[in-house]
Amino acid sequence: MTSPKTLLHAWELFPKKQLGQNFLSDPSTARMIVSRGNVGSGDVVFEIGAGLGALTIPLSAAAQKVFSVEKDDRLLKLLETELALYKADNVTVLHQDILSVDIPAFAEEENETLLVFGNLPYNISSQILVKLIESRKHISRCVLMFQKELAQRLAAPPRTKEYGRISVMLQYCSEIRHLATIPAHLFYPKPKIDSDVIEIDFSKPSPH
């Protein structure tokens, strides 16, 4: 995996702050996330935000099929080139805004239950989570990366300061498990805080 900084420079591109783009730059970390996410050879993965393919490529090696949603049309040719280089021919890139995707209709069309992966942009993380909760009948699990403070709020126990509306919604219908903390320096550009990877299992609602 070529570093995001090098790739973007070669294609005369730059990260868009308004899209919350922070690209994972360490391939071993991407492989660790896929491994801890227990991706199996029969899984159909729905990836939110393909970016430069940091997660897409190891996901393609582990899963049966990968559908990767990417909103930024500037990245599509670069992404297709990277996927071809790594022979990730079981990946289908969907040029769409995740907030506009009808996930239940997509799952029914593919006749598949989805395993969702993604490094979620901070500014729309809550909106995406609500969408995933509403689509949970078509999703087995989600393995998602958030800024650390948001991940901690999602998993916060009741009667604590961090426990809020999105915590209630998510914990009502799923079990949340912390998988990894990813230091800020492993992203380009470097965000202000670390990120956490969590698993959201819709088959195991929280006991409280």
Side-chain angles (χ1 to χ4, degrees), residues 1-9 13-39 45-59 68-72 74-75 79 97-99 116-133 141-171 174-201 206:
M1 172 183 155
T2 311
S3 80
K5 187 174 183 178
T6 301
L7 269 179
L8 291 168
H9 181 74
L13 298 171
F14 55 89
K16 275 192 175 180
K17 189 173 182 180
Q18 61 267 41
L19 293 179
Q21 290 177 336
N22 298 98
F23 301 107
L24 186 61
S25 59
D26 180 47
S28 64
T29 298
R31 291 193 296 269
M32 176 270 289
I33 293 168
V34 172
S35 174
R36 292 191 186 179
N38 290 319
V39 181
V45 174
F46 185 82
E47 184 189 19
I48 300 171
L52 306 179
L55 277 176
T56 319
I57 291 163
L59 282 170
S68 293
V69 178
E70 180 51 56
K71 177 181 179 179
D72 190 351
R74 304 172 310 144
L75 302 182
L79 178 60
D97 181 339
I98 184 57
L99 296 178
V116 176
F117 264 73
N119 176 14
L120 302 192
Y122 184 75
N123 57 337
I124 57 169
S125 291
S126 295
Q127 292 169 267
I128 293 174
L129 276 171
V130 170
K131 189 178 186 73
L132 295 174
I133 291 168
R141 294 180 296 119
C142 303
V143 176
L144 303 173
M145 197 183 321
F146 301 93
Q147 286 193 3
K148 193 175 182 71
E149 60 184 29
L150 177 55
Q152 290 174 339
R153 287 210 305 272
L154 298 177
R159 295 176 295 279
T160 61
K161 186 175 69 173
E162 292 81 12
Y163 191 69
R165 183 180 71 93
I166 196 70
S167 318
V168 174
M169 291 175 65
L170 198 57
Q171 293 180 31
S174 70
E175 181 179 86
I176 301 169
R177 186 165 67 100
H178 179 267
L179 297 183
T181 296
I182 314 299
H185 73 267
L186 294 181
F187 295 88
Y188 174 77
K190 179 183 174 182
K192 293 179 180 177
I193 61 174
D194 296 344
S195 295
D196 273 356
V197 181
I198 63 171
E199 178 190 67
I200 299 167
D201 190 337
S206 174

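Along the sequence shown, the residues carry numbers beginning at 1.
Remark: side-chain polar atoms of Arg141 are paired, donor with acceptor, to backbone N or O of Gly37 under 3.5 angstrom. Checked by atom type and distance alone, the side chain of Glu70 pairs as donor or acceptor with a backbone atom of Ala50 at under 3.5 Å. With hydrogens and angles ignored, the 3.5 Å screen pairs a side-chain donor or acceptor of Gln171 with a backbone N or O of Ala156. Under a 3.5 Å cut-off, the side chain of Ser35 and the backbone N or O of Met32 do not form any donor-acceptor pair.
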Verdict with supporting geometry, Val34 and Leu55, side chain to side chain contact (heavy atoms under 4.5 Å, CB included): CA-CA 8 Å; Val34 172; Leu55 277 176; 4.2 Å; yes
Test log, rule side chain to side chain contact (heavy atoms under 4.5 Å, CB included), inputs Thr181 and Asp194: CA-CA 7 Å; Thr181 296; Asp194 296 344; 4.2 Å; yes
Residues Tyr122, Ile193; criterion side chain to side chain contact (heavy atoms under 4.5 Å, CB included); working and verdict: CA-CA 11 Å; Tyr122 184 75; Ile193 61 174; over 6 Å; no
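Taken to the nearest 0.5 Å, the OG atom of Ser125 stands 8.5 Å off from the CG atom of Leu154. Rounded to the nearest 0.5 angstrom, Ser126 OG and Leu120 CG are separated by 10.0 Å. Summarising the geometry, atom CD belonging to Glu199 is positioned 10.5 Å from atom CD1 belonging to Ile176; distances are rounded to the nearest 0.5 Å. Rounding to the nearest 0.5 angstrom, the gap separating the CD1 atom in Ile198 from the SG atom in Cys142 is 9.0 Å. Separating the CZ atom in Phe187 from the OG atom in Ser195 is a distance of 4.0 Å, to the nearest 0.5 Å. Atom CG of Leu179 is separated from atom CD1 of Ile33 by 9.0 Å, given to the nearest 0.5 angstrom.
In the model, Tyr188 has no side-chain atom that pairs as donor or acceptor with a side-chain atom of Gln21 under 3.5 Å. A donor atom on one side chain and an acceptor atom on the other are found under 3.5 Å apart for Thr56 and Glu47. Remark: the Asp201 side chain and the Ser174 side chain contain no N/O donor-acceptor pair separated by less than 3.5 Å.
Annotation: cation-pi pair Arg74/Phe14 present, NZ/CZ under 6.0 Å from the ring centroid and within 45° of its normal.
At a threshold of 4.5 Å between non-hydrogen side-chain atoms, the residues Leu59 and Phe117 count as touching. By the 4.5 Å heavy-atom criterion applied to side chains, Ile182 and Leu24 are counted as neighbours. A heavy-atom distance below 4.5 Å is found between the side chains of Leu129 and Leu144. Pro15 has its side chain out of reach of Asn22: every pair of non-hydrogen atoms, C-beta onward, lies at least 4.5 Å apart. Here the side chains of Val130 and Met169 are in contact, with some heavy-atom distance below 4.5 Å. No side-chain heavy atom of Val116 sits less than 4.5 Å from a side-chain heavy atom of Val45. Contact annotation: the side chain of Leu75 approaches that of Leu8 to within less than 4.5 Å [non-hydrogen atoms, C-beta and beyond]. When side chains are defined from C-beta on, Gln127 counts as touching Leu99, because their heavy atoms get closer than 4.5 Å.
Between Lys148 and Asp196 there is a salt bridge, since a side-chain N of the basic residue sits under 4.0 Å from a carboxylate O of the acidic one. Salt bridge status for Arg153 with Glu162: absent, with no side-chain N to carboxylate O gap under 4.0 Å.
When all heavy atoms are compared, the tightest approach of Gly53 to Pro58 is O-CD, 4.3 Å. Across all their heavy atoms, Ala30 and Ala54 have their closest contact at CB-O, 3.3 Å.
More than 12 non-hydrogen atoms from other residues, nucleotides or ligands lie less than 6.0 angstrom from NE2 of His178.
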